[in-house]
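So you know, we letter chains A, B, ... as the sequences are listed, proteins then strands, and number each from 1.
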Amino acid sequence: MGRVVIDVMPKPEILDPQGKAVVGALPRLGFDAFVGVRQGKRFELEVEGEVTPEVLDQARAAAEKLLSNPVIEDVVSVRAAEAQA
Amino acid sequence: MGRVVIDVMPKPEILDPQGKAVVGALPRLGFDAFVGVRQGKRFELEVEGEVTPEVLDQARAAAEKLLSNPVIEDVVSVRAAEAQA
Amino acid sequence: MSTTTPTSLDTVERAVQTPEQEQPWAELGLKADEYQRIREILGRRPTGAELAMYSVMWSEHCSYKSSKVHLRTFGNHLTEEMKQHLMVGIGENAGVVDIGNGWAVTFKVESHNHPSYIEPYQGAATGVGGIIRDIMAMGARPIAVMDSLRFGAIDHPDTARVVPGVVSGVGGYGNCIGLPNIGGEVVFDPSYQGNPLVNALCVGALKHEDLHLANARGVGNLVVLFGARTGGDGIGGVSVLASETFDDEGPTKRPAVQVGDPFAEKILIECCLELFHAGLVEGIQDLGGAGLSCATSELASAGDGGMLVHLDRVPLRDPSLRAEEILMSESQERMMAVVTPANIDAFLAVTAKWDVETAVLGEVTDGEHLVVQWHGETVVDVPPRTVAHDGPVYQRPFARPESQDALQADVPTAQRLARPDGADALRATLLRMVASPNLCSRAWVTDQYDRYVMGGTALATPDDAGVVRVDEETGLGVALSLDGNGRYTKLDPRTGAQLSLAEAYRNVAAAGAKPLAVTDCLNFGSPEDSGVMWQFAEAVQGLAVACEQLGVPVTGGNVSLYNQTGDRGLDSAVLPTPVIGVLGVLDDVTRRTPSGWRESGQNIYLLGT
Amino acid sequence: MRVGVVTFPGSLDDGDARRAVRLAGAEPVALWHADADLHGVDAVVLPGGFSYGDYLRCGAIARFAPVMIEVVAGAERGMPVLGICNGFQVLCESHLLPGALVRNDHQKFVCKDQRLRVENASTAWTSQFAAGDEIVVPLKNGEGGFVADTETLDRLEGEGRVVFRYLDGNPNGSLRDIAGITNERGNVVGLMPHPEHAVEELFGPGLDGLGLFTSVLSAGLEALR
Ligand SMILES: Nc1ncnc2c1ncn2[C@@H]1O[C@H](COP(=O)(O)OP(=O)(O)O)[C@@H](O)[C@H]1O
């Protein structure tokens, strides 16, 4: 079993209400080191065999076409990962 | 500016309705390579200075305490990343 | 894809050969005499899968073993007048009431208390999902939901975890599935600190001819499972069996909580209704607590024959699941139907249209055996009635607690509860009251619930009763109110329960509806405490008598016991909290009466005593 | 006049939209997501709900439904298309309308009677209103915050393409209080609030929503003339 990991983040200039809520909550819990938080998505896609270049191409296309909305999000990475047990 | 990246995924044994919806949609768009999809969260936390070991400790604690729900999610990684422009 | 080797499978054959094998009945919550009874019923030791089935079906939650003797009281107080509109009474998935014009409604309230404490969002969400499936199983289209909530002290830190989670869980599921939320309650009291109460009600509407019951009839008819795949949800308890029976590998990780998928359930509703309307379903049952164990044994028990089920045909989310785990799994958003062979292709065409995964698991058989096979080997062979209906019945001791007198004598004296004197004091008291957690606006909660979806809501928050339209042509519809008062019930369980009923009845009547039927969720502490049991017995007696006087039958409901933590006996228990739902009918919902002043210049009258 | 209402898996307000079409005097036609055929309707409503559970992003999966190819083609020909709530999200995901809808700034689902101002009364769906009219219709969503880059927002404002604006406070963090917008041609309109829940006395906050559906009717009648 192979695995592809895709990371999608809200564009820096777009309002991120979830990240904003987190950055507000952190200091209340005593975590004072962080000045900004953004919350994005991480997808793990499993394939039957190995992660071939063709699989990666499909993953890249899926990331652009379905998994992200270019108006508000950027695909920050598409990469093969070792499948965990 | 330093940056910490935290990845949180639904536990493997827990139903992931979001991943299920995506894995159903992919083949309809012609992406037939993927047999399973899980959707998690990626947080990017910014700090003023460098990502020191103390910052990472705080990030780890925040990941466990606020950014994930240990009943249904796992923190899969907490790491420093180079700040992008 | 099976990970078990045939040699490690605890088959019926093996059970016969190894009568002395130790079994973890105690870990599964069975008492010694209960285990003994299972052995007597079967004439041998149960297999692991059978033990799993009996243990879950004979649990308090499924068998009502502590409450059964008391619940019979409702039946004893059932008069001809009360049966007049009753199409289906206590005992089915939900009661069904005739509301005229060929229409009927079915409604029921159920608890999901403990799971909502563990994981507030998912616990509450799956509670809503569960009660909706009960309503679907009657052949009805669900048309509205309500929720009655009890939380600990408002300023306790854990309340800040539980409240937002529960409220967004109720909303998240109901909103996404498209059912208007038309009312409920929110109450704070320290007794609910470790034991919040999440009671959800669903009401559905159907034409008389669409009524479906949960039974498996007709030898040769097919037993079909459809909906979500089966995962390891809610089977923590049975993992002890894995370590007993299997030595090839340790049990894999099993989730402690269930995650709801309201989208899957919305699809399931539409799919079921299409199946019903096409006449493709002979019998139907939802899968809730105890999953396939419950669905197969109840369908077979209520039918006229036996049932054969091939467990290896169950579509799995987690291929490592073992036979007894599949039987126990509480994965959500699944239904089981009985279908004639002639209809199966049409049935599969409908489920395919809705993208609902479907598996023919087996068939209705001659005789009185529920047989479950795993890759050709028999792992269960039991008389279904003994699992589903003939569970243990307890006569728990009950006694009025000695503390009850002191509690009742402890009336607020003038010194302890000073009466306001003068306009200013009155004003201050009023302001304090309207700002108090149990009286203030519920908008923070109700603003998170969709009350408009389906377009038939004629009353919802902030009114005392919710009103929804059933028949768009005539305006025929129903009013519902859900009420409880744990403080009154603690002071006097009999009268307290009656007051809750009276409140719900009044709310429905005041909305302009004729009250027709009652559902109840009885939330109490541990039945092993004689004081709690007394509260329970008194409350049920009070309700039964009051229902008879008002002429409205209890059509169904739910009992939730063991709502207590700690070892302070009765003081560890939640306030005894019967939550009562009353349903009434309006010939034309546009003639409902809203509460509150509408225009200036109207007169105000005070009715009653 | 025949107005199609699309049902996606997870659509919830499709029945309500059909009722609204009927009460406005048109004939509602149920359209199925998997059927790439508009069955000759004169206009289309994409209703509210949670298509595909709204799991990935609201409207993201519905956008690829076979019927949407026809809806997009129709919209480009000038056919009136109205997207309500989830339908608005689908229109944005399909790029028939600019911008996107994100999680409400307060992070909660909100259901309330919402006052709106009709800013543009010359679209296919607002001709029965006068610019500046104030209406009340239910608002109910979890992800209703309208966002777009500043340039897009300025263009929308400049071209008068903001159709509805929130009054009495912004309920979800929408930029510039935008509740609904239109395309350049004025035939495609998307809005977060639910006009189909304000078409019957006593089953909603009033009748203010009916105007959208009667507007498209008169647009249709114009076209016939
Ligand atoms: N958990 C809830 N879910 C839905 N509606 C609720 C809930 N709690 C309260 N409500 C609604 O809010 C309104 C006010 O509730 P409440 O203050 O309990 O009213 P009352 O005291 O008149 O019974 C009622 O319409 C009630 O149905």
Side-chain angles (χ1 to χ4, degrees), chain A residues 1-10 12 16 18-19 21-67 73-77 81 83-85, chain B residues 1-10 12 16 18-19 21-68 73-74 76-77 81 83-85:
Chain A
M1 285 289 237
R3 186 186 307 222
V4 179
V5 174
I6 299 175
D7 290 319
V8 172
M9 292 300 293
D16 169 21
Q18 309 186 80
V22 172
V23 84
L26 285 170
R28 290 199 294 274
L29 298 175
F31 304 115
D32 50 13
F34 310 104
V35 295
V37 176
R38 301 194 66 81
Q39 178 175 336
K41 295 172 187 154
R42 175 188 161 100
F43 300 91
E44 295 187 359
L45 282 62
E46 268 183 78
V47 291
E48 282 287 357
E50 255 175 81
V51 178
T52 59
E54 291 72 49
V55 164
L56 270 182
D57 281 347
Q58 269 207 21
R60 265 184 225 109
E64 295 297 340
K65 191 167 174 187
L66 177 70
L67 302 180
E73 295 168 322
D74 292 320
V75 178
V76 296
S77 94
Q84 286 146 17
Chain B
M1 286 286 242
R3 186 188 306 221
V4 179
V5 174
I6 298 175
D7 291 321
V8 173
M9 293 298 292
D16 171 19
Q18 315 195 66
V22 174
V23 83
L26 286 171
R28 290 199 297 272
L29 300 180
F31 304 116
D32 50 13
F34 310 104
V35 294
V37 176
R38 300 193 67 82
Q39 179 177 336
K41 297 174 188 148
R42 174 187 161 102
F43 298 91
E44 295 188 0
L45 281 63
E46 269 182 74
V47 292
E48 284 286 357
E50 255 175 82
V51 178
T52 60
E54 291 73 48
V55 164
L56 269 182
D57 280 348
Q58 271 206 20
R60 265 184 224 108
E64 295 296 341
K65 197 164 169 183
L66 178 69
L67 303 181
S68 70
E73 294 170 323
D74 290 324
V76 295
S77 94
Q84 286 147 14

Any side-chain heavy-atom pair of [X] and [Y] under 4.5 Å:
X       : Y       : result
B/Leu45 : A/Phe31 : no
B/Val47 : A/Val35 : no
B/Gln58 : A/Asp32 : yes

Counting only heavy atoms closer than 4.5 Å, note whether B/Ile6 contacts chain A via side chain, backbone, both or neither. neither
Distance from B/Met9 atom CE to A/Phe43 atom CZ, nearest 0.5 Å? 9.0 Å
Quick check for you: among A/Gly49, A/Gly19, A/Ala59, which has the greatest number of heavy-atom pairs under 4.5 Å with chain B? A/Ala59
Which residue is it: A/Gln39, A/Gln18, A/Arg42? I am looking for the one with a side-chain contact (heavy atoms from CB on, under 4.5 Å) to B/Lys41. A/Gln39
